[in-house]
Every structure is written in C-alpha cells, then in structure tokens.
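To start, the structure itself, in structure tokens.
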Amino acid sequence: MAFQRGNEEAFVTLYRRYRDRIFNFARRLLGDVARAEEAAQDVFLKVYGARKSYTVRSRFSSYIFRIARNHCFNIRARHEHKLVDRGREVERHANGAASPEANVERQNELEAVRIALATLPEKQAAAFILAHYEGMSYREIANALDVSEGATKSLIHRARDRLVHELGKSTHREPEVIHAV
Amino acid sequence: MIDDRYGAVALEADAQAHVDGCDACRGHAADVERLEQALARDADQEPGPGFDTRFFARLEEAKSKGQRGWLSRFRWSLAGGSLVAAAATTALLLTINVERTPAMAGDLELAMHLDLLEDYDVVSLLEDVETFEVLARVDLAVLEDVATGEKR
C-alpha cells in the first residue's frame with residue numbers, strides 16, 4: 001500500500017475514510033464519546049506506527065477494525081466497572097421513568113440500547129456493531145474478530161437476543177417519575 | 001420463521017399466518033422491531049470539534065518521538081559498543097597475571113587507602129605529606145590523632 005512506503009497523503013486518505021467509522025465503532029463499544037475519541041485516535045496512531053508491518057492478507061477494513069477491537073477491549077477491561085455502574089444507573093432511571101411522553105420513552109430506549117451494547121460480552125458487541133452499523137459480511141467480521149464464520153453468526157444472534165431482552169427490561173415498566181438520563 | 005440474518009426481521013409470507021395467531025412469536029417480532037427502531041435512532045456521529053487537530057498534533061509528536069528514538073538508539077549503540085570494549089579491556093587486565101614491581105605495590109597500597117584522601121581536612125593537616133606514597137603508608141590511627149591535635 002502507498003502509505004506503507006511513507007506516503008503521507010495516502011495515510012490521510014485512509015484516516016478520512018475510516019475516521020467516523022472507527023470513532024462510532026468505539027463509541028458504541030465503549031458507550032462513552034470522550035473515551036471513544038481518544039481510542040479512535042489511538043487506533044490511527046497504531047495503524048501509522050505499524051504501517052510497515054501490515055501485510056495484505058485481508059481487507060484493510062478488517063485490519064483496522066481488528067486493531068480497534070483489540071484496543072477497545074483493552075479499554076473496556078480497564079473500565080468495566082464504570083460501564084456496569086452506568087448500566088445500573090440507566091436501569092434505575094428506566095425503572096422509574098416511562099413517561100407518557102413518547103419522546104422520553106424513545107430516549108430511554110436509545111440509552112438502554114447504548115448501555116446494553118456497551119455492556120455486552122466483548123465479541124458479541126463487536127460482531128453486532130460491525131454487522132448492524134458497518135454492514136460487514138460474516139466473513140469480514142470473522143476476519144476482524146479472529147473467529148470462524150459460524151461463531152460470528154452465533155455471536156450476532158446471541159447479541160441480538162440479549163439486546164431484545166435488555167430493551168424489554170428497560171421499557172416494560174409502569175410510568176412513575178420522569179428522570180433525564 | 002424469523003430470518004436469522006441480521007438487519008431485518010424478515011417474516012416469510014407463509015409464516016405470517018402463524019405469527020398472527022401466536023402470541024409468543026408476535027411478541028418476539030414486536031420486541032425485535034422495537035430494537036431495530038432504537039438502534040436506528042443511534043445514528044452515526046462525527047467526532048467533536050478539534051478532533052482532527054488533536055489527532056494530527058499527536059501524530060506529529062509520535063513522529064518526532066520516533067525520530068528521537070532512532071537517534072537515541074543510534075547513540076546507545078555507539079555508547080554500548082564503547083562500554084563493552086572498556087569492560088572487556090578491564091576484565092582482560094584484571095585476569096592477566098602480571099608480576100608486581102615495587103612501584104606497582106606502592107600504587108596498590110595507595111589504592112587501598114584512597115578513602116583517606118576523601119577526607120580533605122585530614123589531608124590539609126598533614127604538612128609534611130608531599131606524596132601519595134607517603135600518605136599511603138601512614139597509619140590511619142596516626143592520621144586521626146593529627147586531625148584531632150592529640151599526640152601519642
């Protein structure tokens with residue numbers, strides 16, 4: 001690839017092409033915008049630093065998402081308790097929320113899904129995000145996550161089941177008090 | 001029944017009748033539909049303002065660190081080579097068995113009493129000490145007496 005030979009413009013092109021995708025992948029996986037921004041920058045720095053060792057065995061998208069996945073998993077491992085705490089907080093709010101206002105309910109659902117995504121088991125979350133938001137094929141996801149295609153299907157299926165379950169928990173409640181989340 | 005491919009809840013036409021008459025399946029389809037809607041609301045965002053500026057500043061910093069790292073490695077390789085050579089020479093000298101001459105014996109004695117030279121107050125009181133060789137032969141107890149002004 002051109003950027004491996006020190007072509008800065010090629011790197012900038014890749015950066016522009018993948019910036020938002022990596023940022024949003026990290027945001028959904030980490031459930032935190034500021035941390036996702038930092039993580040996305042780290043990923044591009046890693047890509048730049050490892051440009052000479054990159055070998056074209058798979059699509060570049062699989063390569064960069066693999067780096068992003070590993071980096072985000074490490075961050076999640078360091079901050080797992082905070083995500084869980086935040087999930088409980090949202091659950092408490094949802095317990096007492098369910099305003100008759102439809103927009104409040106939708107906001108609660110959105111927040112519940114975000115938290116559920118960020119607290120799914122790592123590979124389930126990554127596989128689901130890559131499939132749903134990135135539109136990647138099973139094969140691409142399998143490459144990015146270092147798992148088989150069969151395992152990829154299973155991860156996505158389990159992730160969806162769990163998200164449905166979590167969404168149901170946070171929305172099937174009696175309306176009481178409105179809390180801003 | 002419900003298509004397992006992610007991205008859509010694709011109900012086959014011939015299964016629709018079953019879903020319509022099955023509370024469990026209908027409930028599950030509704031849950032999945034609600035999930036789809038919630039996920040759709042979580043649209044892609046752009047990173048915050050200043051993201052690119054911060055990133056390229058970090059990249060430049062990383063590049064300059066990389067260059068400094070290269071120079072540093074180069075310097076250390078030179079320094080490392082010198083240190084290895086010096087260590088090898090020292091080891092060689094220490095291991096070679098050389099006959100000791102009287103002059104060398106004096107030097108060795110001096111070396112064994114170098115700690116005395118570290119006490120400059122003591123040395124300054126020794127007016128008649130002109131050479132290190134003499135100093136090396138002075139008894140430590142005598143030096144201490146001189147320093148304290150006592151006589152044996």
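Hydrogens, waters and symmetry mates play no part in the numbers below; they use all other heavy atoms, side chains included. Note on naming: letters A, B, ... go to the chains in the order of the sequence lines (proteins, then strands), and numbering restarts at 1 for each one.
- Interatomic distance, A:Glu37 CD to B:Glu46 CD, rounded to the nearest 0.5 Å: 11.0 Å.
- If you take CD on B:Gln45 and CG on A:Asn24, they are separated by 6.0 Å, rounding to the nearest 0.5 Å.
- A salt bridge between B:Arg54 and A:Glu38 is absent, with no side-chain N of the basic residue lying under 4.0 Å from a carboxylate O of the acidic one.
- Across B:Ala38 and A:Leu110, no two heavy atoms sit closer than the pair O-CD1, 3.6 Å.
- Note: A:Tyr15 OH to B:Asp52 CG = 3.5 Å, rounded to the nearest 0.5 Å.
- Ion pairing between B:Asp42 and A:Arg27 holds under the 4.0 Å rule for side-chain N and carboxylate O.
- B:Phe51 and A:Phe25 end up in the same hydrophobic cluster when Ile, Leu, Val, Met, Phe, Trp and Tyr side chains are linked at under 4.5 Å.
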Q: Give the intermediate values and the outcome of salt bridge (Lys or Arg N to Asp or Glu O under 4.0 Å) for residues B:Asp44 and A:Arg28.
A: CA-CA 10 Å; B:Asp44 278 357; A:Arg28 292 183 174 115; 2.9 Å; yes

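- Summarising the geometry, atom CZ belonging to B:Phe55 is positioned 14.5 Å from atom CZ belonging to A:Phe23; distances are rounded to the nearest 0.5 Å.
- Atoms CG and NE2, on A:Asp161 and B:His28 in that order, are 6.0 Å from each other to the nearest 0.5 Å.
- Heavy-atom neighbours of A:Arg139 CZ from other residues, nucleotides or ligands within 6.0 Å: at or below the threshold of 12.
- For the pair A:Leu167 and B:Asp31, the minimum side-chain heavy-atom distance is 4.5 Å or more.
- Closest heavy-atom contact between A:Tyr133 and B:Leu39: OH-O, 3.0 Å.
- In B:Arg41, the CZ atom is crowded: over 12 heavy atoms of neighbouring residues, nucleotides or ligands sit closer than 6.0 Å.
- Using a 4.5 Å cut-off between heavy atoms, A:Val164 contacts chain B through both its backbone and its side chain.
- Ranking A:Leu117, A:Val33, A:Val12, A:Val113 against chain B, the residue ahead of the rest is A:Val113, based on heavy-atom pairs under 4.5 Å.
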